[in-house]
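For reference, the structure discussed in these notes is given below.
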There are 2 protein chains.
Amino acid sequence: MSFKKRRVKLEDIARKLNISIATVSRALDKNPRVKRSTQEKVFITAKEMGYMPNQIAKSLSSGKTHIIGVLIPRYDEPFFIEVCRGIDQYARNHNYKILISSSRNSYEFEKENLISFERGLVDGIILSPTHETENVAHLKDLIGKGMPMVLFDNIREEVSGADHVMIDDEKASFQAVEFLIQKGKRKIAFIGGIKQKKVFQDRFKGYIAALDRHNIIYDERLVLHCNSLDREFEDKEILSFFKNLKINPDAVFTCTDNYGLLTMKTLLKTGKKIPQEVAVIGFGDLGLGEVFVPTLTCVSQPSFEMGQKAAELLIKQLNEPEDSIHKKTIVKLNTQLIEREST
Amino acid sequence: MSFKKRRVKLEDIARKLNISIATVSRALDKNPRVKRSTQEKVFITAKEMGYMPNQIAKSLSSGKTHIIGVLIPRYDEPFFIEVCRGIDQYARNHNYKILISSSRNSYEFEKENLISFERGLVDGIILSPTHETENVAHLKDLIGKGMPMVLFDNIREEVSGADHVMIDDEKASFQAVEFLIQKGKRKIAFIGGIKQKKVFQDRFKGYIAALDRHNIIYDERLVLHCNSLDREFEDKEILSFFKNLKINPDAVFTCTDNYGLLTMKTLLKTGKKIPQEVAVIGFGDLGLGEVFVPTLTCVSQPSFEMGQKAAELLIKQLNEPEDSIHKKTIVKLNTQLIEREST
DNA sequence: TACAATAATACAAACGTTTGTATTATTTTT
DNA sequence: AAAAATAATACAAACGTTTGTATTATTGTA
């Protein structure tokens, strides 16, 4: 039943119409070099015969695949999916497809994936480095070979030749913490993520800066840097942090929405009233916060827009003439504090 | 700075070593036809010169891209992402990449995407039909042209020539509802999704069947089929359903975890005790249910495994000799009821 | 040492396009 | 009506591999 039918190719159309392959090719491109009437004949015959251009052959010939490689640290993080949606939307509208790979939080896998991208399947790369990625030599190397690249999210170090899309994590967290302070909170706990991640470092800096600015003494005991890469363990880490906490915080600033929810959950279990006794702020804003009771106030990160912007910058690079000198752009998108019931 | 450097190709290696391209190609393949010492020379030189095989050329020559096309109705549905993760894992381990596209819940976009897949970029397709997809002619057509295909999730109609991966939605929902009945519940509400989706139809059937079996009279007023395709509106639909509900249900069976959470949220707001006054069961089990207070009992759908299985079946098809008759397989994976605090 | 058998390599076509240049057909000009 | 200009098309190389067949080099055998 399923004999793979030989695909119709330009040659078949050419033979049928008794013209050359080149003319068929140009006719389908509506190239004015071919007579109007010939173009029409070709179109009709192509349709009749069910012609489908061979993308691979086109790519080999043109040197362009019209595929954007996207490399994210993990799939099961709504933030990355949202960014991918943004990339996809922009890319689709500009006739590109996206090929997503996950580096599974591993520097080795990141390199491995890049090597596979280097085999010519993608025209350019959008990448969020893993927390393990301390050295960006592999990125610079690839860029040096002429691979267009845009980085987003967890950028530890500027990579010359690549565009960057980010938010001002420090400022966003500063604002969130200051907001709590203005609400009269003084004992503000901080729940961060793995210390190696630049974004978490910056959010921590913002926390410290806000305390500083308002002359609140930093209390180490109120701080937790979650080490878990796995949802399952985050749960336990946060639970045990609050269980062992000797001080009663009157607010908690958390670096992800999920931390925020887990925090609220833990606090509610110990009978705390939110927000009267403890206020909570999360970070991200991907729908999770609205489901919970009480709803979670959080820093809204423009994930979708980050994706769109990244795609825009990459495609701009792809359209630059090859010998032009690429001027690196750094885009910082704005965050927004969304007030909900938890504060 | 970013002059695109000409890539090293087989020809360059061949010239340098004064041997033929064919020999270089075979040497890199470790083909025993080439002398051991030559192989070694080639490997060393290839490495020295920084050779990277051109995937596109390989694909054109071999007719295989080693890319699997994945078409899902939407990205912002954790279920589909989880399936994609499963596909990706299996595919990666078998040296395939995946190219994900979204049909954005539209039959037209589904067809459009398939056409673009037909251009030879993918070796096979894994697809979940949209709710709009009433007619599967486009699928049959593509299969008829020799495109290997595996369907999952929302399969309205068997498509000959494609493998199918699904769960027994009717049975799963039957069991969930029966579980509620056995807990002494009698006024069980049903919150479903868009009626056009096969999975929701089946879950509704299971609900009815369970009521029937236990001689509970079906009450239409207790049933809501959500029509929203957007998260934002689901919220309002469910809220207004319960607001206008004249009867007090003692349990609610919902067709997705999100519906389950929204239901709990709504009920809690009206002062109901969960599970004492109303029990709630969701469907899916993708982490959401565990965050909420109380945690949500739900039908656990093996999403990741569905993806793995789909990939396995597709890759099996890809490895079949082209002229062999493909025997269609239908895989039904098991669901499991996960008891949590909401029942 | 000649001859076959086998090992190692080279040649060339193929995959399905695109595109620069050469050729042929048509129209315009004189 | 012939030459020139232009329009339409054909030819062939290129993109970077793979792979069947032909060729050459190296063994082993008598």
Side-chain angles (χ1 to χ4, degrees), chain A residues 4-43 45-46 49-67 118-123 145-146 322, chain B residues 4-43 45-46 49-67 118-123 145-146 322:
Chain A
K4 194 136 196 164
K5 296 213 180 64
R6 205 178 63 73
R7 297 173 60 130
V8 176
K9 47 186 174 175
L10 293 184
E11 194 187 337
D12 300 315
I13 302 177
R15 186 149 358 157
K16 183 150 200 170
L17 292 176
N18 243 307
I19 58 182
S20 76
I21 296 177
T23 300
V24 177
S25 172
R26 290 192 168 101
L28 291 173
D29 269 2
K30 292 196 203 293
N31 184 320
R33 267 172 65 174
V34 348
K35 218 198 324 192
R36 197 57 188 270
S37 64
T38 314
Q39 284 191 27
E40 281 160 9
K41 271 192 299 180
V42 169
F43 268 97
T45 312
M49 301 179 76
Y51 172 71
M52 271 293 165
N54 180 320
Q55 191 55 51
I56 298 295
K58 276 187 136 119
S59 294
L60 182 61
S61 184
S62 68
K64 299 280 160 221
T65 62
H66 271 255
I67 299 179
E118 199 184 336
R119 292 163 122 84
L121 198 68
V122 303
D123 289 347
K145 288 181 181 164
E322 277 194 6
Chain B
K4 195 136 195 165
K5 297 212 180 65
R6 204 179 63 74
R7 297 172 59 129
V8 178
K9 46 186 176 175
L10 292 184
E11 194 187 338
D12 301 315
I13 301 176
R15 186 147 0 154
K16 183 150 200 172
L17 292 176
N18 245 307
I19 57 181
S20 76
I21 296 178
T23 299
V24 176
S25 172
R26 291 192 167 103
L28 291 173
D29 270 3
K30 294 198 203 290
N31 185 319
R33 265 173 66 173
V34 349
K35 216 192 335 185
R36 196 58 189 272
S37 64
T38 314
Q39 284 192 24
E40 281 159 10
K41 272 193 296 179
V42 170
F43 268 97
T45 312
M49 301 178 77
Y51 172 71
M52 270 294 166
N54 180 321
Q55 191 56 50
I56 299 296
K58 277 186 132 114
S59 294
L60 181 59
S61 184
S62 68
K64 298 281 161 221
T65 63
H66 270 253
I67 299 179
E118 197 183 337
R119 292 164 121 86
L121 198 68
V122 302
D123 289 345
K145 288 180 181 166
E322 277 194 5

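From a predicted model like this one, the values you see are computed outputs, not experimental measurements. So that the names make sense, note that chain A is the first sequence line, chain B the second, and so on, each numbered from 1.
- Judged by distance alone, the side chain of B/S62 and the main-chain N or O of B/K58 form a donor-acceptor pair under 3.5 Å.
- Across all strands shown, A/T38 has heavy atoms under 4.0 Å from sugar-phosphate atoms exclusively, and none from any base.
- By the 4.5 Å heavy-atom criterion applied to side chains, A/T23 and A/T38 are counted as neighbours.
- In this structure, the nucleotide among C/dT9, C/dG16, D/dT9 sitting nearest to the side chain of B/R33 is C/dT9.
- Going from atom CD1 of A/I13 over to atom P of D/dT9 covers 15 Å, rounded to whole Å.
- Contact of the A/K9 side chain with the A/N54 side chain is not registered, since no non-hydrogen atoms from C-beta on lie closer than 4.5 Å.
- In this structure, B/I21 places its CD1 atom 16 Å from C1' of D/dG20, rounding to the nearest Å.
- In this structure, A/Q39 atom CD and D/dT9 atom C1' are separated by 13 Å, rounded to whole Å.
- Checking D/dA8, D/dA10, C/dT18 against the side-chain heavy atoms of A/S20 singles out D/dA10 as nearest.
- Between A/K9 and the phosphate of C/dG16, there is a side-chain N or O to OP1/OP2 separation shorter than 4.0 Å.
- Side-chain proximity of B/A22 to the nucleotides D/dG16, D/dG20, D/dC15 is greatest for D/dG20.
- For B/S61, the listed nucleotide lying nearest its side chain is C/dA14; candidates were D/dA10, C/dG16, C/dA14.
- One atom, CG of B/N54, and another, P of C/dG16, lie 17 Å apart when rounded to the nearest Å.
- With the nearest nucleotide of DNA chain D identified for both A/V34 and B/P53, A/V34 has the one nearer the 5' end.
- No side-chain heavy atom of A/L121 sits under 4.5 Å from any side-chain heavy atom of A/R119.
- Rounded to whole angstrom, the span from the OH atom of A/Y51 across to the P atom of C/dG16 amounts to 10 Å.
- Rounded to whole Å, atom C1' of D/dT9 lies 18 Å from atom CZ of A/R36.
- Closest contact between the side chain of A/R26 and the listed nucleotides D/dT17, C/dT17, D/dA10 involves D/dA10.
- Rounded to whole Å, the distance from CG on A/L60 to P on C/dA14 is 17 Å.
- Residue A/S25 places at least one side-chain N or O under 4.0 Å from the OP1 or OP2 atom of C/dT18.
- A/S62 comes within 4.0 angstrom of no nucleic acid atom, judged by non-hydrogen atoms across all strands.
- Note on A/N31: nothing from the nucleic acid sits closer than 4.0 angstrom, heavy atoms only.
- As rounded to whole Å, 10 Å separates atom C1' of D/dG16 from atom CZ of B/R7.
- Across all strands, A/I19 comes closer than 4.0 Å only to sugar-phosphate atoms, never to a base (heavy-atom distances).
- Looking at heavy atoms from C-beta onward, A/V24 lies out of side-chain contact with A/L17 at the 4.5 angstrom threshold.
- No engagement by B/D12 is indicated, since no non-hydrogen atom pair under 4.0 Å with the nucleic acid exists.
- The pair B/R7-B/D12 does not meet the salt-bridge criterion, since no charged nitrogen lies less than 4.0 angstrom from a carboxylate oxygen.
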